[in-house]
*Asks:* 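Before I ask anything, here is the structure I am working with.
Throughout, a chain's letter reflects where its sequence line sits, starting with A, and its residues are numbered from 1.
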There are 2 protein chains.
Amino acid sequence: MTVLIGPSLEDAKELLAAAIRDKRLALLVGSCVVNYVGRAGSVLPEGERVVMLKPDGALLVHQKKKREPVNWNPPGCEASVRLGGKGLQLISKRKRPKEQLLILFKSLELAASFELVDREELHLVGSERDLITLVSNEPSLIEPGFRPLEREKLTKYGMVDLYGVDRDGNGVAIEFKRRRAELASASQLKRYVDELSKKLGKRVRGILVAPSITSSALKLLNENQLEYVRIRKPPTYTFERVVTRERGQKGISEF
Amino acid sequence: MTVLIGPSLEDAKELLAAAIRDKRLALLVGSCVVNYVGRAGSVLPEGERVVMLKPDGALLVHQKKKREPVNWNPPGCEASVRLGGKGLQLISKRKRPKEQLLILFKSLELAASFELVDREELHLVGSERDLITLVSNEPSLIEPGFRPLEREKLTKYGMVDLYGVDRDGNGVAIEFKRRRAELASASQLKRYVDELSKKLGKRVRGILVAPSITSSALKLLNENQLEYVRIRKPPTYTFERVVTRERGQKGISEF
DNA sequence: CAATAGATGTCGTTC
DNA sequence: GAACGACGTCTATTG
């Protein structure tokens, strides 16, 4: 660990150069101008920000608000540092797509580098994948007689989360959402069902499984004879069926 | 600015408490365990990370790789700090949706807080909005005789980027993408066109405008009599038309 | 607040 | 590398 408080631009340059060379994480706090050109382009006039350069080449510029960096470059980029007449330049280049981020420091409050030791990875539960696994192992949660056949079934127009057959032998395409389903999800399901029923030459039902749904998404489902099954989030995991009636009215029946 | 190098947990707690109280940005580097519960849930065993607490309540936990924080809480959250038997606890709570992030520091290499002075905002060019403005001001870029009528036209199933009429009086719905158009964009356009033609009771053409398109997205367009117009990115801004032919063949003609 | 869609989205996975 | 979709997406905008 190296920490410089209120360093000169020269000293900060040395620290940065060493951090890049030794693949250490660098933190800079100071007044800078930021310039980006690539997929889009941006200018950020001078102000005080926090800059983080990671060993994998990721570069973040954070203002004092927001979760998102105001400017950045993703992992895999090459950083270099240069001392020019206008200040300390930190340049990060990306090959494909070609992008460049230039941070020009006018002054620095802090420059530090760290050898972060971290062999751990995040363990996350509650993703869409978990939901699909749950239903695959307990298909009756969807409806009695439902038999899953294929997970991530590839169609010409995208991948169906779960494909199977109902008790009558109809195809069933299921799209899962871990949060409230919106128009895009209903569109997505419709796209799969259209393609599958055409390809298989038989009736394919489409079911959207989500904890809740927007009214227009539900309407889109109704108008296309698609179905919605509500699943309550863990640890409850209750399933309900929203019955599609004529004229887009809806009703809920548990089973 | 306050900087503590290798501080005790007690000293770090004081610094953090003051930073929260005075709405200063805090930076912590040290060994910690991170626990999250909310929309999903996660556990991250002990390791060295960088933690950033912003004055707006945003909280970021960064590992040494990736652009994304491994855990976080968005702006608007309430942070508090506590010294327990197991270490220094930094707790961040969100009201809606209810979420909680707990960072438990075992040891610290650095604790610092800053009063960032920054009145500047990012100026970005090259977004989708810029593209729509360009075409609105120069409609012939789409085709001769195209007349834009409404931007962000609201339909029952979403907003059309640009709506207008062609030289024959047909409706024209245009969807813009600043990058390569994929299946979702084609679906989106189809959804708008289906709805608009039904509502208006007349033929409504659908045009997807993008710098490039995936083959399956183009096929979906073709199969639904939708069109694709290629636009080269700035500073070039050239338009080409990809002619939709029978049987999904494609051709390109400039004009 | 809900809904909708963009984003320099990023990231993982598969082909 | 291209395509496709999830993400604790985040963020802005509009009703």
*Asks:* With no hydrogens and no angle check, do the side chains of A:Gln100 and A:Tyr36 hold a donor and an acceptor under 3.5 Å apart?
*Replies:*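 Result is no, nothing qualifies.
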*Asks:* Taking side-chain hydrogen bond (donor to acceptor under 3.5 Å, both in side chains) as the definition, give me every residue that meets it alongside B:Arg24, ordered by chain and number, with sequence neighbours left out.
*Replies:*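 Testing B:Arg24 for side-chain hydrogen bond (donor to acceptor under 3.5 Å, both in side chains), a comparison that skips the adjacent residues, returns B:Thr2, B:Ser113.
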*Asks:* Nucleotide by nucleotide, 5' to 3', does protein get under 4.0 Å of the base (B), only the sugar-phosphate (S), or neither (-) in nucleotides 10-15 of chain D, counting heavy atoms?
*Replies:* SSS---
*Asks:* Using the C1' atoms only, state how far C:dG9 lies from C:dA5, rounded to an integer number of Å.
*Replies:*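 Approximately 13 Å lies between the C1' atom of C:dA5 and that of C:dG9.
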*Asks:* When you match A:Leu101 and A:Ser215 each to their closest nucleotide on DNA chain C, which lands nearer the 5' end?
*Replies:*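 First, find each residue's nearest nucleotide; the 5'-ward one identifies A:Ser215.
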*Asks:* Pick the P atom in D:dT11 and in C:dC11, then give their distance to the nearest Å.
*Replies:* 16 Å
*Asks:* Counting only distance, no hydrogens or angles, is the base of C:dT8 paired donor-acceptor with the side chain of A:Asn73 under 3.5 Å?
*Replies:*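 Answer is no: no donor-acceptor pair is held.
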*Asks:* If we take the C1' atom in both D:dA6 and D:dC10, what is their distance in whole Å?
*Replies:* 14 Å
*Asks:* Can you tell me how far C1' of C:dC11 sits from CD of A:Glu121, to the nearest Å?
*Replies:*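 A:Glu121 atom CD is separated from C:dC11 atom C1' by 13 Å.
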*Asks:* Sequence neighbours left out, what passes side-chain hydrogen bond (donor to acceptor under 3.5 Å, both in side chains) with B:Glu46? Give chain and number order.
*Replies:* B:Ser31
*Asks:* Any side-chain N or O of B:Arg178 below 4.0 angstrom from OP1/OP2 of C:dG9?
*Replies:*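 Answer is yes, contact under 4.0 Å.
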*Asks:* Under 3.5 Å, is there a donor-acceptor pair between the A:Glu223 and B:Tyr157 side chains?
*Replies:*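 Yes - a donor-acceptor pair under 3.5 Å links their side chains.
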*Asks:* Which residues in residues 181-197 of chain A have a heavy atom closer than 4.0 Å to any atom of DNA chain C?
*Replies:* A:Glu182, A:Leu183
*Asks:* Taking salt bridge (Lys or Arg N to Asp or Glu O under 4.0 Å) as the test, write out the residues that go with B:Arg191, two or more places apart.
*Replies:* none
*Asks:* With sequence neighbours excluded, tell me which residues meet salt bridge (Lys or Arg N to Asp or Glu O under 4.0 Å) with A:Lys23.
*Replies:* none
